[in-house]
Amino acid sequence: MNTQEREEKYELAVYPRRDIVLVGGQGARLFDDQGREYIDCASNVGVSNIGHGHETVAKAVYEQYLTLGNCYSMFYNPVRARLAEKLVDLAPGNLKRVFFCNSGAEANEAALKFARSSTGKPEIVACMRGFHGKTMGALAATWGPEYQKPFAPMLPGIKHVPYNKFEKLEAAAGEQTAAILLEPVQGEGGVRVGEREYFQKVRDLCNDRNILLIMDEVQTGFGRTGTMFACEQFVPPDMLCLAKSLAGGLPMGAVLCSDRVSVPLKSHTSTFGGNPTACAAALASIDVIENENLVQNAKTLGEYFQQQLRGIESQKIREVRGLGLMIGVELKEKAGPYVQNLMDKGVIVLLAGATVIRLLPPLVISKEEIDTVVNALKDVLAD
Ligand SMILES: Cc1ncc(COP(=O)(O)O)c(C=O)c1O
């Protein structure tokens with residue numbers, strides 16, 4: 001049996017697969033088992049912001065695992081303490097405490113629970129095309145009948161309104177609303193950038209009505225959009241949900257909370273949450289982001305990338321949009337076939353809905369690599 005056959009035989013078929021076996025990665029490059037090389041414009045869906053195979057994180061993980069790999073949070077631990085302090089230092093001023101977990105869905109699950117415990121109110125308003133994960137609570141906030149239907153009934157009390165439409169949100173937020181949950185840029189939903197005026201109005205509404213604002217930055221965090229957190233370009237939230245690239249590729253999630261958030265002792269815990277190995281990886285990864293100027297890279301190279309993409313003359317392109325190195329190329333037709341065509345040309349991209357090619361390269365991608373990707377797109381989208 002080869003790798004494909006083995007995975008198909010022994011794993012549940014929940015992921016649509018691509019027909020390659022990846023065995024290595026370095027920087028913004030990936031390698032398959034046939035010796036082919038790819039420019040990575042997917043970053044494992046926003047995980048590999050610092051690129052693949054970074055020595056700084058590898059060393060930190062190795063050393064921490066040998067020192068103390070796990071430490072349940074009933075005990076204090078200096079590495080966890082340092083990471084909590086670092087995240088609070090990096091985040092907007094009103095976010096002062098951290099809850100550690102292991103994934104994006106778990107971060108959102110925690111935030112939904114914290115919203116209820118902090119306000120005593122049960123309801124959440126989220127957005128159409130929003131994506132917050134697929135565990136039971138997060139799934140109820142995620143948009144999409146295709147995801148929800150097999151697992152009905154959903155957690156009650158979650159309403160969905162159109163994104164960037166303040167009047168609809170205002171009408172949906174009532175007496176019983178605990179929190180509004182938003183992505184600053186909708187990723188899975190098609191790379192749709194939030195409008196700043198909309199976010200300001202949402203912030204004011206939350207203040208007026210004692211509603212908590214939760215920003216899901218699982219995909220936009222850690223430099224992706226040209227600032228460390230995208231909310232710096234919008235408004236400060238009461239809870240900031242993080243995961244994906246937080247620990248440089250190791251599984252980790254976190255919720256940063258303002259003073260408005262309170263949770264009873266023992267009411268929410270996680271065995272692996274804040275384990276020192278993941279914390280050491282996160283501290284090392286944040287060091288890499290800072291020392292290699294990756295936030296600035298995302299901003300300047302993101303602008304360059306978008307500008308080059310806008311220069312492609314193709315009737316097939318409806319729009320190029322994005323923020324930093326989170327970019328969507330919306331086509332007038334289904335984007336699926338182009339994903340394979342691009343892979344044949346050595347470029348790995350993502351989809352975001354049926355018609356959008358999503359580009360989330362590692363923030364270490366070079367200008368030359370971007371030029372190669374643009375040329376590949378030019379070729380496959382030629383009229
Ligand atoms: C904005 C956002 N929130 C939550 C999630 C879920 O994260 P995870 O797959 O780690 O549960 C994702 C994953 O794509 C995401 O993009």
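Each ligand, and each atom within it, is numbered from 1 in the order the structure gives. A quick note: this is a predicted structure, and the numbers were derived from the prediction, not measured.
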message: If you take the centroid of each ring, where Trp contributes its six-membered ring, are Phe222 and Phe229 closer together than 6.0 Å?
response: yes
- request: Kindly say whether the aromatic ring centers of Phe234 and Tyr198 come within a distance under 6.0 Å.
  value: no
- prompt: Under a 4.0 Å heavy-atom cut-off, what residues line ligand 1?
  reply: Ser103, Gly104, Ala105, Asn108, Phe131, His132, Gly133, Glu183, Glu188, Asp216, Val218, Gln219, Lys244
task: Give me the one residue out of Asn44, Asn49, Thr220 that meets side-chain hydrogen bond (donor to acceptor under 3.5 Å, both in side chains) with Ser245.
output: Asn49
statement: So CG of Leu182 and CD of Glu217: to nearest 0.5 Å the spacing works out to 11.0 Å
query: Who are the side chain to side chain donor-acceptor pair (under 3.5 Å) partners of Arg192, not counting sequence neighbours?
result: none
- request: Look only at the side chain of Thr277 and the backbone of Gly69, and say whether a donor-acceptor pair between them is shorter than 3.5 Å.
  value: yes
